[in-house]
Amino acid sequence: MPEKPYDHTQIELKWHERWQNADFYQAEENSAKPKFYVLEMLPYPSGTLHIGHIRNYSIGDALARYKWMRGFNVLHPMGWDAFGLPAENAAIANQRPPREWTLQNIAAMKKTHRRFAFSYDWDREVSTCEPEYYRWNQWFFLKMLERGLAYRKKALVNWCPKCATVLANEQVVEGCCWRHEDTAVEQRALEQWFLKITDYADQLLDDMAQLEGGWPERVLTMQRNWIGRSEGAEADFKLAGTGEPIRVFTTRVDTIFGATCVIVAPEHPLNGTLLDAEGQARAKGMVDARANRDPGDIEKEGFFTGRYAINPYSGERVPVWVGNFVLMGYGTGAIMAVPAHDERDFEFCRKYGIAIRPVIRPVDGELAVEPGMQQSFTGDGIVENSGPWSGLTSHVARLEMSAFAERNGFGQAAITYRIKDWGISRQRYWGTPIPVIHCASCGVVPVPEEQLPVILPDRIEITGAGRSPLENVPEFVNVACPRCGAPARRETDTMDTFIDSSWYFYRYCDAHNGQMPFDPAKIAYWFEIDQYIGGVEHAILHLIYSRFFTKVMRDIGLIRNSEPARRLFTQGMVIAEGAKMSKSKGNVVSADVLAEKFGADTARMFVLFAAPPEKEVDWRAEGAEGISRFLGRVYRFATRNVGQGPAAGSSDRKVLRKLHQTLARITEDFETRWHFNSCIARIMELVNVLYAEEANISAAAMPEILEKLALMLAPFAPYVSQEIWEELGKEGPAFRQSWPVFDPELVKEDEAEIVVQVNGKLRGHIHAPFGTPKEELEARALAGERVRPFLAGKQVVKVIVVPDKLVNIVVK
RNA sequence: GCCCGGGUGGCGAAACUGGCAGACGCAAAGGACUUAAAAUCCUUUUCUCGGAAACGAGAGUGCGGGUUCGAUUCCCGCCCCGGGCACCA
């Protein structure tokens, strides 16, 4: 047959149309349980595809398609974009009617999605922007409220002036908003809703044991750091005179006899009584200075309050200071300074001439003597000069001293976490309304379940910064109190969008349930997720929140699993111009351009070929042409060789061996490592061999070659693969065929090629049948023409023979 | 500062368990086809030295050591890059 030119547009359009209404990926629930894969990503809905998503998509899609071909059913839903915000800030989000926008974009997504892949299981369509999804967000919120897991308090919160909204701690990056890295986050005191994720801190840590092996160590470490559990003790230093206690937290009670002052945070509540007007002004100055600067490079500063406090262990009177390096948000907001055994305290006390008193002796050293101490000793050792605890090891002293504090009522062993409760209030229009009503006489009243969902009003006016635009919508705000019927005000804060992404994959399993968020039986069937694929950038946001949600849902009694996903694969980020590519940054490279120019097959395959999936890739479009060329080569080769070829093929053996070797290699790579880049390289090698041997491949061998080639390409380039499949006169979608099997006999080479080295340097090759005895190999190697010159005048010390592989001659 | 990754040609990268470093692709150069161009096909390309050439020799996987017949791979020390955490008491 004459060869056909590779016209990707025509091919893709053709199959796009034919497959329009097909549902290839419908899980067959009556067969063995399908694997449940979740790809946390989506094509970017604005019409411009987000390359980070394409990458993620391509990886998961190729994998899922391969799994299908291997006979594993894969339920392969993709996460809905929970943020749904196309651009820079709240202003834009607020201007768009979300429902309309959402519906429009679902349509757009279906289009682009079909184009880039077609594996979406449309029946399970879930949009986190839909009122039906709001309903269940609100339902969960009310359940948490019932259980005391949701609460409201006035709190200092992170406020982004550009977004004009509150941010969670997780959303603050280096003191700036995660969406506006040039805008410093301010601190404001506002009434806010919180979820008590801290109640689950220990579980979140302990259950990581279940995830070992299945989750990347890197992600677990990041989560561990983020939760930041540290064990220590709390103790009260009573103010001399009033007896008012200053509670401090320390991980080193064993050093408390070395405490030479107490330092409180500038915003410590006690400062109201502790300080005079001047002192309070200084403290406020410190707070402000800290808010506007990188906390790392602020110099330690402090001042003496003029007051003293009593060390509860030694009875010693120590001065009370205010220090800018003491954080109100961690521990108790006050510390005891032990300069001899803490670096920061050392620096501070040196600067202000506060006494330094060593009380820990290194196990195999001397107790340091002040003056002359150059640095603090922060390790454990033997406790000295510490009354009845002298002579104990640090470890034992910590236990006994904590117990002593508890017996005497001035403290106890205590655990502190770095993680804070999850602030979920947002002053945006966009988002799930928090379902409570504020009544003058009844207080905070939950919206009754039967009144859910509370839906956002359609028409809003954007006021700009500062307050939720919902406050200006009287129909929304003014309601009767559900308890007493008196006029009341509806809560106008909406929920953080991370709520949406915390449980969407559960809803996928039962997307149209109107009675419950989902049927527990269905979750029991599908969960845990076998494989979750997402970006590493979510390690401490989304992936902690969704673990938390899972545990809460389990405690409510909806599900039985404690963790959402058994295995997590974090795909590397896409970097453009040195920064990670993201929608909010605006440095997104459009993959549409690639797709327009070279077609969807090339766009997908190029992304897969760039690097192994776990690696970051620096985006550059240069190589895409090579992929397009390759697909053209394959297509033309196939079309001109269907039903062609001589009767006898002198290269059949060689080509078939290469074919089966290729298949063996990529099967292995798919199975274990997901290194699609090398899979594709192998197929390219095969095609190079096919080109070189084309004239000598028999008509008998050609069908097998083309068929297997088409099937191997199916996970990466489904359209070309399908077109070749059809050219071969085959029916049905190529990517629903079984993955081709290789013949282990054919994979084997006829003879072994044995490397000959002299002193580890390559000096030649010998060919010998597999299993040739060592002695013979050795003799042949020594006699080799290329080898002999290197042996001349030398003495052969030793010969190492690795059968079928290598002979190394060691000479002197 | 602490905790993870990583460092291989002009570039993206390969090398499965310690056994031929640089597969595959990009880019570049040369050639074939063509009136010409595009497309396509073929060849060359780690560096240095020798040679007209086929080819040959040496060096080479961030740096310095070590283990080994043999190290990109294992061990020790250092440098650099990326990511995470960070006055966290």
Side-chain angles (χ1 to χ4, degrees), chain A residues 3 5-6 174 216-226 228-230 232 248-252 255 263 265 290 295-300 323-327 329-338 341-345 347-348 416-418 536-537 539-540 572-573 575 578 580 606 609-612 614-627 629-630 632-633 636 665 668-669 672-673 675 677-688 691-692 753-765 786 789 797-802 805-811:
Chain A
E3 94 178 17
Y6 172 55
E174 284 171 25
E217 196 45 51
R218 177 161 68 131
V219 171
L220 296 180
T221 308
M222 278 163 73
Q223 294 206 355
R224 242 174 242 123
N225 289 341
W226 187 259
R229 177 190 155 105
S230 63
V248 303
F249 173 76
T250 177
T251 54
R252 295 295 304 272
T255 65
I263 310 175
R290 195 159 59 192
D297 54 41
I298 294 179
E299 204 196 330
K300 285 184 185 50
N324 66 343
F325 69 101
V326 179
L327 304 174
Y330 184 80
T332 58
I335 63 164
M336 61 174 196
V338 185
H341 304 294
D342 182 281
E343 266 177 50
R344 290 158 313 199
D345 297 349
E347 191 188 329
F348 186 84
T416 309
Y417 300 91
R418 210 190 71 95
V536 67
E537 66 273 20
I540 49 168
M573 289 185 290
I575 307 286
K580 79 177 168 201
F606 169 63
F609 185 60
E614 68 276 12
K615 218 189 135 166
E616 273 178 5
V617 287
D618 199 347
W619 178 258
R620 49 184 70 235
E622 275 98 64
E625 220 174 317
I627 300 290
R629 256 197 300 260
F630 166 72
R633 270 163 76 82
R636 288 190 306 273
R665 275 297 298 269
E668 154 92 17
D669 254 352
T672 57
R673 299 193 305 165
H675 280 195
N677 56 333
S678 48
C679 293
I680 293 167
R682 295 301 150 211
I683 302 176
M684 286 173 168
E685 270 181 65
L686 170 65
V687 172
N688 289 345
Y691 264 71
E753 189 182 36
I754 288 151
V755 173
V756 180
Q757 298 177 336
V758 177
N759 285 350
K761 289 206 172 81
L762 177 69
R763 294 301 175 202
H765 294 98
R786 297 233 2 247
V797 180
K798 199 179 189 184
V799 178
I800 283 127
V801 182
V802 183
K805 258 191 171 169
L806 161 141
V807 179
N808 189 12
I809 302 161
V810 187
V811 297

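Since the structure is predicted, the reported quantities are computational estimates derived from the model, not experimental observations. Every chain is numbered from 1 and lettered A, B, ... according to where its sequence line falls, protein lines coming before strand lines.
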| said: Does A:E343 contact B:rC87 through a side-chain donor or acceptor facing the base, at a distance under 3.5 Å? | reply: no
| Should the pair A:R665-A:E668 be classified as a salt bridge under the 4.0 Å nitrogen-to-oxygen rule? | no
| query | Is a salt bridge present between A:E217 and A:R224, judged by a nitrogen-to-oxygen distance below 4.0 Å? | reply | yes
May I ask you to say what [X] touches in the nucleic acid, namely base, sugar-phosphate or nothing, with a heavy-atom cut-off under 4.0 Å?
{"X": "A:Y691", "result": "sugar-phosphate"}
{"X": "A:H765", "result": "base"}
{"X": "A:R673", "result": "sugar-phosphate"}
{"X": "A:P612", "result": "sugar-phosphate"}
{"X": "A:V326", "result": "base"}

Rounded off to whole Å, could you give me the [atom1]-to-[atom2] distance for the [X] and [N] pair?
{"X": "A:E614", "N": "B:rA13", "atom1": "CD", "atom2": "P", "result": "11 Å"}
{"X": "A:E668", "N": "B:rU17", "atom1": "CD", "atom2": "C1'", "result": "12 Å"}
{"X": "A:D669", "N": "B:rC16", "atom1": "CG", "atom2": "P", "result": "11 Å"}
{"X": "A:H675", "N": "B:rG12", "atom1": "NE2", "atom2": "C1'", "result": "15 Å"}
{"X": "A:F606", "N": "B:rA13", "atom1": "CZ", "atom2": "P", "result": "11 Å"}
{"X": "A:D342", "N": "B:rA86", "atom1": "CG", "atom2": "C1'", "result": "14 Å"}

Approximate separation, where rounding is to 0.5 Å, of [X] [atom1] and [Y] [atom2]:
{"X": "A:D345", "Y": "A:F325", "atom1": "CG", "atom2": "CZ", "answer": "5.5 Å"}
{"X": "A:F606", "Y": "A:F630", "atom1": "CZ", "atom2": "CZ", "answer": "15.0 Å"}
{"X": "A:L806", "Y": "A:H765", "atom1": "CG", "atom2": "NE2", "answer": "10.0 Å"}
{"X": "A:L220", "Y": "A:N225", "atom1": "CG", "atom2": "CG", "answer": "11.0 Å"}

| message | Run A:Q757 and A:V807 through side chain to side chain contact (heavy atoms under 4.5 Å, CB included) and show every step you take. | response | CA-CA 6 Å; A:Q757 298 177 336; A:V807 179; over 6 Å; no
Considering all heavy atoms of both residues, which atom of [X] and which atom of [Y] are nearest to each other, and what is their separation?
{"X": "A:D669", "Y": "A:S678", "result": "OD2-OG, 2.8 Å"}
{"X": "A:G764", "Y": "A:R786", "result": "CA-NH1, 4.0 Å"}
{"X": "A:I680", "Y": "A:F609", "result": "CG2-CD1, 3.7 Å"}

| task | Assess the side chains of A:R633 and A:N688: does a donor N or O sit below 3.5 Å from an acceptor N or O? | result | yes
| remark: Residues passing the side chain to side chain contact (heavy atoms under 4.5 Å, CB included) test with A:T416, sequence neighbours excluded, are A:S230, A:F249, A:Y330
Distances under 3.5 Å between nitrogen or oxygen atoms of protein and nucleotides 67-73 of chain B:
unit_1, atom_1, unit_2, atom_2, d
B:rC69, OP1, A:K798, NZ, 3.2
B:rC69, O2', A:N808, ND2, 3.3
B:rC69, O2, A:N808, ND2, 2.5

Min side-chain heavy-atom separation [X]-[Y] under 4.5 Å:
{"X": "A:M684", "Y": "A:I627", "value": "yes"}
{"X": "A:T255", "Y": "A:D342", "value": "no"}
{"X": "A:E614", "Y": "A:P216", "value": "no"}
{"X": "A:V810", "Y": "A:N759", "value": "yes"}
{"X": "A:K805", "Y": "A:I754", "value": "no"}

Distances under 3.5 Å between protein N/O atoms and the N/O atoms of nucleotides 55-57 of chain B, please, pair by pair.
none

Write down the distance separating the [atom1] atoms in [N] and [M], rounded off to the nearest Å.
{"N": "B:rC81", "M": "B:rC24", "atom1": "P", "result": "34 Å"}
{"N": "B:rA14", "M": "B:rA23", "atom1": "P", "result": "13 Å"}
{"N": "B:rC74", "M": "B:rG7", "atom1": "P", "result": "11 Å"}
{"N": "B:rG83", "M": "B:rG30", "atom1": "P", "result": "41 Å"}
{"N": "B:rC16", "M": "B:rC69", "atom1": "P", "result": "23 Å"}
{"N": "B:rC63", "M": "B:rG6", "atom1": "C1'", "result": "16 Å"}
{"N": "B:rG60", "M": "B:rU46", "atom1": "C1'", "result": "8 Å"}
{"N": "B:rU34", "M": "B:rG51", "atom1": "P", "result": "40 Å"}

| field | side chain to side chain contact (heavy atoms under 4.5 Å, CB included) assessment of A:T250 paired with A:M336 | value | CA-CA 8 Å; A:T250 177; A:M336 61 174 196; 3.6 Å; yes
Filtered N/O pairs between nucleotides 2-5 of chain B and protein, under 3.5 Å:
none

| query | According to the Watson-Crick and G-U wobble definition with distances under 3.5 Å, which dot-bracket string, read 5' to 3', encodes RNA chain B, using [ ] for crossing pairs and | for pairs with another strand? | reply | (((((((..(((......[....)))((((((.......))))))(((((....)))))..(((((..]....))))))))))))....
| request: Please determine if a side-chain N or O atom of A:S230 lies less than 4.0 Å away from the OP1 or OP2 oxygen of B:rA89. | output: yes
| Short side-chain N/O contact to B:rA13 OP1/OP2 from A:K615, under 4.0 Å | yes
Dump the pairs, protein N or O against N or O of nucleotides 23-32 of chain B, anything under 3.5 Å, distances to one decimal.
unit_1, atom_1, unit_2, atom_2, d
B:rA23, O2', A:E685, OE2, 3.1
B:rG25, OP1, A:N688, ND2, 3.3
B:rC26, OP1, A:R629, NE, 3.2
B:rC26, OP1, A:R629, NH2, 2.7
B:rA27, OP2, A:R629, NH2, 3.3

| task | Decide, for B:rG9, between syn and anti: a glycosidic angle within 90° of 0 counts as syn, anything else as anti. | result | syn
| task | Can you figure out which of B:rC87, B:rC20, B:rA89 approaches the side chain of A:K300 most closely? | result | B:rC87
